[in-house]
Amino acid sequence: MSYVDEVIKSTAEKNPNQPEFLQAVTEVLESLRPVIEQNEDLYKREAILERLVEPDRQIMFRVPWVDDEGNAHVNRGFRVQFNNAIGPYKGGIRLHPSVNLSIIKFLGFEQIFKNSLTSLPIGGGKGGSDFDPKGKSDREIMRFCQSFMTELYKYIGKDTDVPAGDIGTGAREIGYMFGQYKRITDLYEGVLTGKGLSFGGSLARTEATGYGLLYLTNEMLKCNGHTLEGKICAVSGAGNVATYAIQKCWQLGGKPVTCSDSTGWIYDPDGIDVAVLKDVKEVRRARLTEYAKARPNAEYHEGRGVWSVKCDVALPCATQNELRIEDAKQLVANGVIAVAEGANMPTTLEATQYLQENGILFAPGKAANAGGVATSALEMSQNSERLSWTFEEVDSKLKNIMVNIFHNMSDAAEKYGYAGNYVVGANIAGFEKVANAMLAQGF
Ligand code: GLU
């Protein structure tokens, strides 16, 4: 049995109830075959793959909090510090009822390669809780965030582990967590990113994941003889990533026509109105039915369905495994040219393979959505030098980073004989840097 197969097998045996984690490990290790096979003896002797799939540590803790009626609740908190070979652990905090160890481990594992691809010095980690922020008052959110940080603060620090936002964690939550960290430790340091602009946040961090997705998509289209100009884009999600992907899509000449939330989706033949979307989701924190009320031509549909809309470019920006085999078939039948992942692992393995087999340009999330964490690393740099850069400065760095990521993954794919396979390219480019650092540092 090959080394890659051995490690996939042993990881499956050791983590039997972690399907999302195993999915991520399988996708990455399968695509590392060409590199591993060139140097199988060395990698095996040094147990590089076994060390990669086993987090440095996994912290799980109780998060008690009190609601507005005085009732006590308990949620489960997580921080998985996966790999710090090339920098402090870095990754977001996901607050969503679906959160469990498998989800946090898959996200932390992906983050190792994503962060490496940014070319910035950040390791991989992830955290979160099964707390559901939906429908909670500001005070309840504050009490939850304070309780979460009361345990988490022991394990993080500006040079150790720097959490940030993810699904359910935005500027409000980061603000409350930062306040609690400062209160407990008396340290005013860049321990979190995605902070408010008045206390160390970076301009363009809010926009970064969505903007970065479009910068990379545009470069991928250009390098394959297309352009975003006039392209119909289907976007899923209606959170931070989707909103700014839609905005940048318009700016680069595309036409985004869909978005979605957990209950339904919108098809707007005139193109999604960003101001209305922001008002519904960011200000009123309401459902997309409100978007349809404000836009007479827009259709609201219950359930899933974004991928049934005829489009040239598909941008899944909601959550893991939201683009399945039946969706991939529909997209291909409708003539899609490119799929670029704004969310983490939104496309199932089967759907990814189907898209690639049918010649669709496919940019995996660890490359395409790396703009968020890259800009977090820029926020860390600004915090370290106690300066703030202009929006234009951050945005132009972000653009360069995304264009470089595209070329790095494209070159890596070509070097190993998989030209145009950006999944293989992204995993190999991300892996090589981390593996070299691990080898150099010993075990
Ligand atoms: N949650 C984002 C991601 O998946 C951002 C992480 C960060 O900024 O540290 O990459």
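The shown structure was predicted, so the numbers you read here are calculated from the model rather than taken from an experiment. Order of listing sets the numbers, starting from 1, for every ligand and every atom in it.
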(Q) Check this for me - ligand 1, Gly165, N or O atoms closer than 3.5 angstrom, yes or no? (A)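 Looking only at distances, the answer is yes, because the N/O contact criterion of under 3.5 Å is met.
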Q) Considering distance alone, does some N or O of Lys90 sit under 3.5 Å from an N or O of ligand 1? A)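 By distance alone, the answer is yes.
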Q: Identify the heavy atoms of Phe113 and Phe431 that sit nearest to each other, and give their distance.
A: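 Between these two residues, the closest heavy atoms are CD2-N, 3.8 Å.
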Q | Residue pair Ala164 / Thr169: nearest heavy atoms and the distance that separates them | A | O-CG2, 4.2 Å
Q: Look at the rings of Phe131 and Trp65 and say which category their plane angle falls in: under 30° parallel, 30 to 60° tilted, over 60° perpendicular.
A: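 Perpendicular: the ring planes of Phe131 and Trp65 meet at over 60°.
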Which bit of [X] is near ligand 1, meaning a heavy atom under 4.0 Å away: side chain, backbone, both or neither?
X	value
Asn344	side chain
Lys126	side chain
Arg94	neither

Could you list which atoms of ligand 1 come closer than 4.0 Å to a heavy atom of [X]?
X	value
Ser376	7 (C), 8 (O), 9 (O)
Ala164	7 (C), 8 (O), 9 (O)
Asp166	1 (N), 2 (C), 4 (O)

**Q.** Lys195-Asn383 side chain donor-acceptor pair, cut-off 3.5 Å
**A.**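 Asn383 and Lys195 do have a side-chain donor-acceptor pair below 3.5 Å.
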Q | Arg205, Met380, Glu110, Glu379: member with heavy atom nearest to atom 5 (C) of ligand 1 | A |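 That would be Arg205.
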